[in-house]
Amino acid sequence: MTCQLAVWTPKARKAVSALMAACRKSMGYEELKLVHRPVVAQPSVTERLTAYRKQLATEPKAGVWSLPLIEKLEAQVGRNAPKEPRGLAKRAAKTF
């Protein structure tokens, strides 16, 4: 028997969940209570960079801890956004 959750129907998932709950209950475990936590949106790297730069402009003394952080975030943005589309240099070299 293969286990492919992607093709299971919601009805089948509920049936398996009920079987697992019954099994846990027969073994003496407490019933699981799922708590869904709200997802808190994280600011993007560029948003964080602008916030740190604004703070640096208003508080120059904050440069002690914010300048290394700004440099690290700028390096991260540079790695995520290459200057040249990937594979373009290889294709150009093959055509010449």
Side-chain angles (χ1 to χ4, degrees):
M1 181 174 134
T2 61
C3 181
Q4 296 177 350
L5 291 177
V7 295
W8 284 24
T9 63
K11 187 177 180 180
R13 289 177 194 243
K14 283 184 181 181
V16 170
S17 179
L19 284 172
M20 293 298 295
C23 182
R24 282 191 300 271
K25 189 175 181 181
S26 70
M27 293 179 164
Y29 291 106
E30 292 181 19
E31 190 174 329
L32 290 178
K33 295 180 182 175
L34 298 176
V35 178
H36 295 283
R37 297 181 195 155
V39 177
V40 179
Q42 297 283 331
S44 70
V45 177
T46 52
E47 291 171 344
R48 289 171 48 202
L49 265 172
T50 49
Y52 289 137
R53 287 184 182 132
K54 283 180 186 178
Q55 185 174 7
L56 185 61
T58 57
E59 297 177 43
K61 290 184 180 180
V64 173
W65 63 268
S66 64
L67 282 176
L69 187 61
I70 289 172
E71 290 172 5
K72 187 184 274 186
L73 289 173
E74 284 175 342
Q76 184 179 350
V77 169
R79 280 194 308 269
N80 292 341
K83 294 179 183 175
E84 188 174 323
R86 296 174 191 196
L88 186 62
K90 291 179 183 177
R91 281 184 265 147
K94 285 181 182 178
T95 57
F96 291 113

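- Between Y52 atom OH and L69 atom CG the span is 4.5 Å, to the nearest 0.5 Å.
- For R53, the salt bridge (charged side-chain N to carboxylate O under 4.0 Å, His left out) partners at least two apart in sequence or on another chain are E74.
- For S26, the side chain to side chain contact (heavy atoms under 4.5 Å, CB included) criterion is met by no residue, not counting sequence neighbours.
- Among the candidates R48, E47, Q42, the single residue satisfying the side-chain contact (heavy atoms from CB on, under 4.5 Å) test with S44 is E47.
- When all heavy atoms are compared, the tightest approach of L56 to A62 is CD1-C, 4.2 Å.
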Donor-acceptor pairs are to be reported for all side-chain atoms of residues 14-25 against protein atoms at under 3.5 Å, with residues two or more places apart or in another chain.
none

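- Minimum heavy-atom separation, G63 to P68: O-CD, 3.9 Å.
- Note on I70: it does not cluster hydrophobically with V64, by side-chain heavy-atom contacts below 4.5 Å among ILVMFWY residues.
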